[in-house]
Each structure stands twice: as C-alpha cells, then as structure tokens.
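Naming: A, B, ... by sequence-line order, numbering from 1 per chain. Because only heavy atoms are used, hydrogens play no part in the values below, and waters and symmetry mates are left out as well, while side chains stay in.
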Amino acid sequence: MSGRGGRTEAWVKFATRCYAKVLRRFHASLYERDGTEMLRTFEARSRDVIGRGGRIALIPFLFHEMIDAARVALRRGSGRSSKGGPTRVPAATRHSFGVLASSVQQAGRYLRARPGYAFVFVLTFALGLGVNAALFALVSAVALRPLPYRSPERLIQLWSYNEEVELDSPSLPWEAFEAWAEFSDLLDGMEGWTGPGRRTLTGAGAPERIDAPGVTTGLFEFLGVTPRAGRLFDSREGASGAKVVLIGDGLWARYFSREPEAIGSTLYFDGEAYTVIGVMPRGFGFPYGTSEAWFPVARTTGALRDAGSISTIARLRPGVAVEDAEDLLVERVRAAQQAGAAPAGLMPMVVGLSDFLQTPERTQRGMVMLFGSVLLVLAIAFANVLSLRMADALRRQREIAMRSALGAGRQRILFELGIEGLSLALLGAILGLAIAQVLLRAIVPILPEQLGINSGRALALWPDGVAYGLVVSAVLGPVLGILPALLLSNRTNSLHAGTRSTTELRGVRLQSGLITFEVALSLVLLAGAGLLVNSFARLSTRDPGVAADELILAELTLGPSFDNDAERAIQFDRYEERLRRIDGVRSVAVTTSPLPRSLARFRPKLESSATSIEFDGFLPYNEVDPGYFETAGIEILRGSGFGAAHAGEPVVVVNDVLARRLWPNAEAIGSRFRARERDPWLTVIGVARDVAQMGLRDEWGEAMEYYVPLGNDAASARRTFLVRTSAAPSQLVHPIRQAIWEVDETQPIDRIEPFRDALGETIARERFFLTLLVLFAALATLLAAVGLHAVLCQVLLRRTPELAIRMALGASRPGVLWLTVGGSLRMVGAGIVIGLMLAALLTRFLDTLLFGVEAIDPLTFAADTLLLLVVGVLASVAAARRAIALDPALVMRGH
Amino acid sequence: MPEKPNQPTLAGLQPLSEPVFHILLALMEEPLHGYAIMTRVEAWTGGRIRLRTATLYTALARLREAGVVEEAEVTRAEAADSRRGRIYRISSAGRALVEAERRRLNAMVRLADLVVGPEGS
C-alpha cells in the first residue's frame, strides 16, 4: 500500500514538474508572483484526478492543463521571452495556435466517440512500430554507435612483428612498450593492458574465476571512461604495491548489491586482499567485454618488467592518418634501434581499433536482414492502418462534405485529419515503445556473445530507439491522417448522392490492393524465416564427429599456489581420480583445450616428407591423453590412438583431411610431419575421423586438424576434463562440481556443461537471428490476416443486399460462401505471386547465413505459400460466415 | 479593439467570459482560495466547466488588477498552513460587476423569450 502511495506521489511530483516548466515558459511574470500557489493547487487537483480515475487519468489531465497554460498565454499576450521582457504574440501565431488547439480537441472528440476503431489502429501501429524501435536500438548498439571512448577514430592498437622468427603478436614485450611510448610526436598517448588475467575471487560462496586484467594506471582516463562510483587509479598505484582494484558493475551487483559501501571494502583475489576504490559503468568490460575487475600496472620499468608483455592501445596525434601511421612508426623505430633506444628485431604493426572490435560480416548480414524484416512488418502494419483509415474516411464522407459545404476550407479539413492521424500515431508510439521495451528485455538473455554488445556498448531503448520511434510516428501519423482523404477525394461535391458508391468502390479497390501488398510482404518474411529454420535444423542435427550425447565438459585452472609442473600434474591426477569414482561416470579423459573451441596454430606451414602446405589461417590442434579418443567417441580410421607409453614422444594423430592433403598418394601412418619449421618432426601413428573442432558452424570435412599426446610439461595450468556418463549428463553436472570441491574447496570451475550445450553455444548467433525472424514473420502473417479479415467484412457488408438476393433466388449457402471466399483468394493469390517473385530476389541476400540450403529452396517456398493460403482461407471464411448468417428476407426488407 | 493586457479595466472585462463569471459567482458566497474556487465551479456545473490552473490564476490576476477581487487578510496561523494558500475576496466593484452582468443576461433572455416564445412553450 505504501509502495502504491509512494508511486502515486512520484507521478504527482513528475506532473507538477512538467507543469511548472510550461508555466515558467509561458507565464513568467505570473509564475513569479503566484507560481508556488498555482503549483500547490495543481498538485491538489492532480491528487483529486488520481483519486477519481486512477494514475492513468493524470496523463490527459496534465495534457489539458499544459494546453490551457499555453493557450491562455497566447490569447492574453502575456507570454514573455526568455530574456524576461514582455513579448507580443503575433496575431497569426495566435490564430494558428487556436486552429491547432481546436483541431486537437476535434480529434480527441472523434476518437473518444469511436474507441474500438482507435484501439485497433493504435494497437496495430504500435506492434509495427514496437518491433522497429527495438530492432533499431539493437542495430544501433551493435553497429551504429561508435565505441564509447574519447576520439575513437584515432585509436589504434600496436602489434609487434618479430623479424627473427617472422611472427606477429598482438602484444608488445615490455621493453618495446616502454620505448615506443616515447614517440609523442606521432602518438597522443599510449596505454596498455596485460593478459586476459583470469583470477580467482573467493570470500562469498563458491570460488569464482573472473577476467581481471592489469591496466596501466592512465588507461581509463585515456579512453575517457569515468567510474560510476569511487575513483580511478592514480599514477603511483601499482608501483607502491598498494593492493587496490576497480570493479565492474556485475561484481558490484553480485557482491555488494550495488551499495555505495563497496568503495573501501575488501575483496580476495587469488587469496590476497584488495581494496575496492571504484566501480566502472554498467556494460564496461574492457578489453574484451568480459572483464569484471582491473588491477593497476604502474608506468615504471619495474612494474612493466613484471607484466612481461603488454597489449597496447594508442591514440594518433590529429593529422596523422591511420594508413600512414605504420610507415611513420617503423621509420622512427629503426632510428631508435640504431641509437640503441629500442629493442632490436621488433617492428610495430598498426591495427585500427575499430577493426579489432569490428562486427563480423555474418553478424552484419544478420542485422541488416532483421532490420529489413521489421521494416516489412512496419509496412504491413502501415497498410493495415491505412486501410482502416480508408474505411473510416468512407464512413465520414458525408460529415466532411457537410462541413465543407458550411464553409470549412479544404486545408483546414486536411489539417484536422492530419492532426487526428498524428494523435493516433503518437498514442501508437507510446504503446509501441512499451512493446519495444518488453521485446528488448526478452532479447537480452538470448543475445549471442558474437554480437559484441557487451564490449562497453549497452543495449537500451533510450535514446536511439525512442527517437527513432517518435520520428517514424511523427512522419507516418499525418500521412495516415491525410492520405485516405486525398486518395478518395474526387473533387466533386460528395453531397451529391450519386458519387457515393463510386468513391466507395474506389476505396474498396485500394484496400484490396493493400491486402495484396501485405500478403506479398508476409510471404517474403515467411520465405526468409523458412530458409533459416531449415538451415538451423540442419546445423543443429549435424553429426559433430564426437559422440556428443552423455558427455560433459569441465574446465579447471589451478591457482598460483601450484607453482611447478609436477605439482600441477599431481593435482590434476587427483581430480581425474575423484571424477572416475562418481556414480554414473563411465570414463574420463583430459585435454588442454576444450572442444569445441580448440587451440590453433596461426599461419602454419605444414611439412611432410612428401610435400608442404602453407596457409593463412588457423590450424586447430589438441593435446590429449590416451583415453581421449574413446571417451569422446572419435573414431580412429587407421593406425591407433595414443597409449600410455606415448606421453612425451614425438608422435601425432592427424585427421582424415590432413592425411589426404599431405599424403595424397601415400600412406600417412609412419610418415613424418610438422606444423612449423621450428617444431620437431612428429611421426604419424593414427588417422582420426574429422570432428567439429571449432563448433557446428565450422566448415569441417574440409578443415585439417591434429592431436599430440598430453605431456607433463604443459605450460598451462588449465585442463579440460571430458566425462562420459551413463545417465543424462545434466544430472551429473552437480555431482561433478561437488567432487571437485571435495578435492579442493577453493578450486574455481571455469566452465562445466553438457557437451551438447557447448555445441549449441557455437550456433547461438544463428539461433538468435532465427528466433527473431520467425517472430517477425509470424507477426507479419497475423497482421496480414487481420487486415484481410477486416477488409472482407467491409466488402461483404456492402454486398449484403446482393448476397441476400442471390440466396433468395435459390443459391445455396455453401455456394455463396465459396463465391465470396473465391473473391478474397484472388487478392491472396495475387499477393502470393508477387511475394514469390520478391522473395526470389531478396533471399539471395541470405546466402551467407544459410547452411545446407539454397537461397531459393522450392520446398520451403511451397510450404510458405501453403501456409499463407490456409491463413487466407481461414480469414475469408470467418468473414464470409458472418455475412451469410443473415436472413435474406430481413436484409432485403431493410434495404 | 486594442487590448491593454497590463492595465485591465472594469469595462475591458465586460461582457464577462464564462470562467470569470463563475469565479466571481463562487466568491459572492464567501472568500475562497484558488483550489476551492475550482472545485466549487466544477461541482455546481456538474463537471461541465473545469477551470484549468492557468486559466484560473490568469483571470484572478486580471481581476485583482482591475480591483474586482482582492486578497483577504490571512491570519498568522492560516499563513503557516501551507495547504491553504491565498484567500480571494470579491470587492464592492466586483459585486456591482456581477450585478451588471446579471442584468445584461436577463435582458438577453427576455429578448429571446419575446422573439421565439418562452422556453418550453
């Protein structure tokens, strides 16, 4: 109750504030004298209004009060300019304001008298606009908004190229970072961060692993990001050994419920206490969108040396073009190297930051597709409301003719109609924005990581979506108000009885045209949705080459207390041993990298005794233990997998594709192979079946990959356990978690999930596009069906006398039914033909999003056509049944 | 007719606009504050006339300047009660104005009766 009261109070306060603004603007002198009292009175009235009609009644009340304030000011000429001097409002302005006010009132009266019509109009328009505003907000979050940093167009990343080993790296050795940061004539600042820096956070509930990079102390100021609470690092921190940390919004919410007391409190990372000094804004996760805490790295030689290698971000001085920057920097580095002021053998590579965080091509296509489809939905909704307005205009012809006969000018009438359309559209916009907000909320949980929305770009309706919705309705509203009148007007006197039916006929023809148009657009959307459904079904049922059911992935990283390889190996053995003893576990295998996201060699040069292949891309490989192939269910085609004796030996298992590419005419088993010149030669002992190493979207079947035995000398403290279960894997996730914590209760679990889920994540983007497109296609079809039904009802109403005569003359009811349905199916049929042609043109655009389906798939198109036909028949029969249910005798007598 | 918004005169107010007439009628009964004027007018016209805040206070300002209404003396205790606000009272000039308006309206009704016959006949 008190919450309700509080909210009412908030509404009153808000309305009063709005009203006060209007008063100050229009009644400066009056406000000075009587303002306090006027607002007090206004508040009291607001409470009365809410008491009588609920909070919602406050909206029209506020509206009327504001209009009144403006009108009184203009009529009395007591408005004042912002400078405070009295202004004389020109008579023309006063007059046109009067026209506006009375037009608004006129529109309000008309719509109040026809609530059903207004409701259907507003709802239809709101649906079309709502999906548009939501999608616009999404597109703007993904693609349109520039990076939320200061001067993003001049930001670059500096990579290093090692001339000795001919390798490029996305980070710089600390010496290079220190030396290159000195080129201040080219660079307007250079900052950096270290590693993904995963750390274990303990203290509240289960230990958690989070991304917590070290950042140079000036990084956030350099980017132009301000904390939402507390402060940023100062330049001494990180050198003095002060244990301070900046946290992200997620951590703030989970550990401190977003309370300001978080500042100054303590968190334990990797067992050490750190003081929280600030909270970063929501959605900020620099550099990869996943970071939740940041530690300071001072710009001192000591601190940089400890950091080892550093990823950099720099801003070019104004006037230095991104394209020239690399050449200029290389020149400077060479000079510095000769002077001994920069490390030898390392050259800078310039990578534009927007490239680095760029939206991938497939995502762009998907977004364009989704936005295109909501535009089609809007077009259909527009056609529907236009048709509604047209029916309404037909009904009002006499009223309008009467008014113009009484002296209302054509312009004045059009103006009023425009205002009416605008009012309806703005009401629709309000409802539509509410729908958009709901839709966005629903989208958030299924947002695929690949869209990159989390990298500092938040998904919100405000401000872009709201602005878009308002602009669209402000443009379409008046059009909807005026267009029907223009289309129907024949410039003759409509009071003349004879013209009525011809105008009506024209209206019906136009409406039929609109229906054909709607059906055509719906078919385009259905075709697109059908293709995506089809290709998603193929993707998700693809055989990944691994026996994916009854398999669980668990990924662990050991903390820094295990500081040598032997200790790590012993600890991993303990976990493996414990996992084997769980009821329902059939076998356990260990690998360095989790399927379906393998390690990969970049730009490898594959060599065998027979031939060599170089290619510019990634070559996935895996370090696996002897039980791996069996546990994962990967078939060994020839030779054998690894045995216990193979650990540390120079042997390799290659996949079928690699075997065929490297040894096209010879037996792979027993041959030698290496992936880089610097690597030792490996002997092939087995050939394995191809698997979806990089996920279901992976073009495997054409991709090469290889496996080496898991050594004990792995530099990584990270392992993935592959657990084969005899029961449903989801039931074993919890026992596995418990078992791991039995061995060490502080061990964080990076990831644990059924293998199927992990595979599913690799096609999350496809699923996302599909879900939305199906939703839009369904909405389009629904709108088209409603439009068809409405127009038919209207046509049949006009034809009632004719149908009555037919029935009176002996036509059977089914006969008449089919007569009418047949007419409507002509409209649907024409729409389908046009729609098929449009679809054939447009679906070609989807090709990169499809998998295993042609862009013009006859089966999909046929199914969509059938669906639309059925919907069309249902809508027509529903309308026709109402018409023939009438008693012919009654109809004819009435006529 | 040139308007002089800053110096309203008694003559400039005539004939009384509907809101002004209602405001003055309300004040004929007893001195009232703005909110009470609104609720009273709304009550006796059955909601047909809803005085909006700006209309009311603009009219009151004009009426005050023309000497038709004046602010009543407020006791210290009443002034402290912030809910009440200013109390307005009709002046003798105001009473005369209402009387004049009544005569004007009566004359018009009589004329109408003469031309089209009494109402209801």
Side-chain angles (χ1 to χ4, degrees), chain A residues 12 15-16 18-49 51-53 57 60-80 85-91 94 101 105, chain B residues 1-9 12-13 17-20 22-23 26-27 31-43 46-66 69-72 74 78-89:
Chain A
V12 169
T16 310
C18 294
Y19 188 61
K21 275 202 180 121
V22 176
L23 277 187
R24 266 202 296 275
R25 170 77 189 81
F26 287 101
H27 297 272
S29 61
L30 186 64
Y31 186 77
E32 226 164 84
R33 234 188 71 90
D34 290 339
T36 335
E37 190 180 334
M38 290 176 79
L39 292 183
R40 207 182 295 142
T41 305
F42 178 86
E43 259 189 62
R45 296 285 289 166
S46 311
R47 289 204 186 85
D48 291 353
V49 165
R52 244 175 297 163
F61 171 72
L62 174 64
F63 179 73
H64 280 124
E65 285 282 347
M66 297 206 305
I67 290 277
D68 171 67
R71 189 166 48 185
V72 170
L74 291 166
R75 194 164 54 213
R76 297 292 176 221
S78 69
R80 278 165 181 267
T87 49
R88 294 295 260 158
V89 178
R94 244 180 289 156
Q105 273 170 350
Chain B
M1 194 177 73
E3 265 185 326
K4 287 183 186 168
N6 294 326
Q7 292 165 297
T9 59
L13 290 169
S17 69
E18 208 175 357
V20 168
H22 280 287
I23 292 169
L27 293 176
L32 294 170
H33 49 81
Y35 175 71
I37 298 175
M38 281 183 175
T39 45
R40 189 159 300 195
V41 171
E42 191 174 334
R48 187 178 65 82
I49 295 212
R50 283 198 185 133
L51 289 174
R52 300 287 172 189
T53 315
T55 303
L56 174 67
Y57 282 90
T58 313
L60 282 174
R62 278 160 51 79
L63 293 172
R64 204 168 43 206
E65 280 171 44
V69 301
E70 45 204 35
E71 281 173 34
V74 180
E78 279 168 341
D81 179 5
S82 63
R83 291 257 152 226
R84 297 292 288 277
R86 254 183 224 117
I87 307 271
Y88 296 91
R89 188 170 59 192

Q | Carboxylate-amine/guanidinium contact Arg50(B) Asp68(A), below 4.0 Å | A |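 No, Arg50(B) and Asp68(A) are not salt-bridged.
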Q | Residues Glu65(B) and Arg33(A) bridged, charged N to O under 4.0 Å | A |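 No, this pair does not count.
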Q) Looking at Glu65(A), Met66(A), Arg71(A), which one forms a side-chain contact (heavy atoms from CB on, under 4.5 Å) with Arg52(B)? A)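 With Arg52(B) as partner, side-chain contact (heavy atoms from CB on, under 4.5 Å) holds for just one option, Glu65(A).
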Q. Nearest 0.5 Å, what's the CG-CZ distance between Leu56(B) and Phe42(A)?
A.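 Rounded to the nearest 0.5 Å, the CG-CZ separation comes out at 13.5 Å.
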Q | Euclidean distance, His33(B) NE2 relative to Thr41(A) OG1, rounded to 0.5 Å | A |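 Here the interatomic distance stands at 8.5 Å.
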Q | Audit row: Arg45(A), Glu42(B), side-chain contact (heavy atoms from CB on, under 4.5 Å) steps and yes/no | A | CA-CA 12 Å; Arg45(A) 296 285 289 166; Glu42(B) 191 174 334; 2.8 Å; yes
(Q) Could you report the tightest heavy-atom contact between His27(A) and Ala54(B), atom names first, then the distance? (A)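 Heavy-atom minimum between the residues: NE2-CB, 4.2 Å.
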Q. Can you name the nearest heavy-atom pair linking Leu30(A) to Ala61(B), along with the distance?
A.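 What the structure gives for the nearest pair is CD1-CB, 3.8 Å.
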Q.
Run Glu37(A) and Leu60(B) through side-chain contact (heavy atoms from CB on, under 4.5 Å) and show every step you take.
A. CA-CA 12 Å; Glu37(A) 190 180 334; Leu60(B) 282 174; over 6 Å; no
Q. Given side chains that start at C-beta, do those of Tyr57(B) and Leu23(A) come closer than 4.5 Å, heavy atoms only?
A.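 Contact flag for Tyr57(B)/Leu23(A) side chains = no.
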(Q) At a 4.5 Å cut-off on heavy atoms, which part of Tyr19(A) comes close to chain B: side chain, backbone, both, or neither? (A)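 Looking at Tyr19(A), just its side chain touches chain B.
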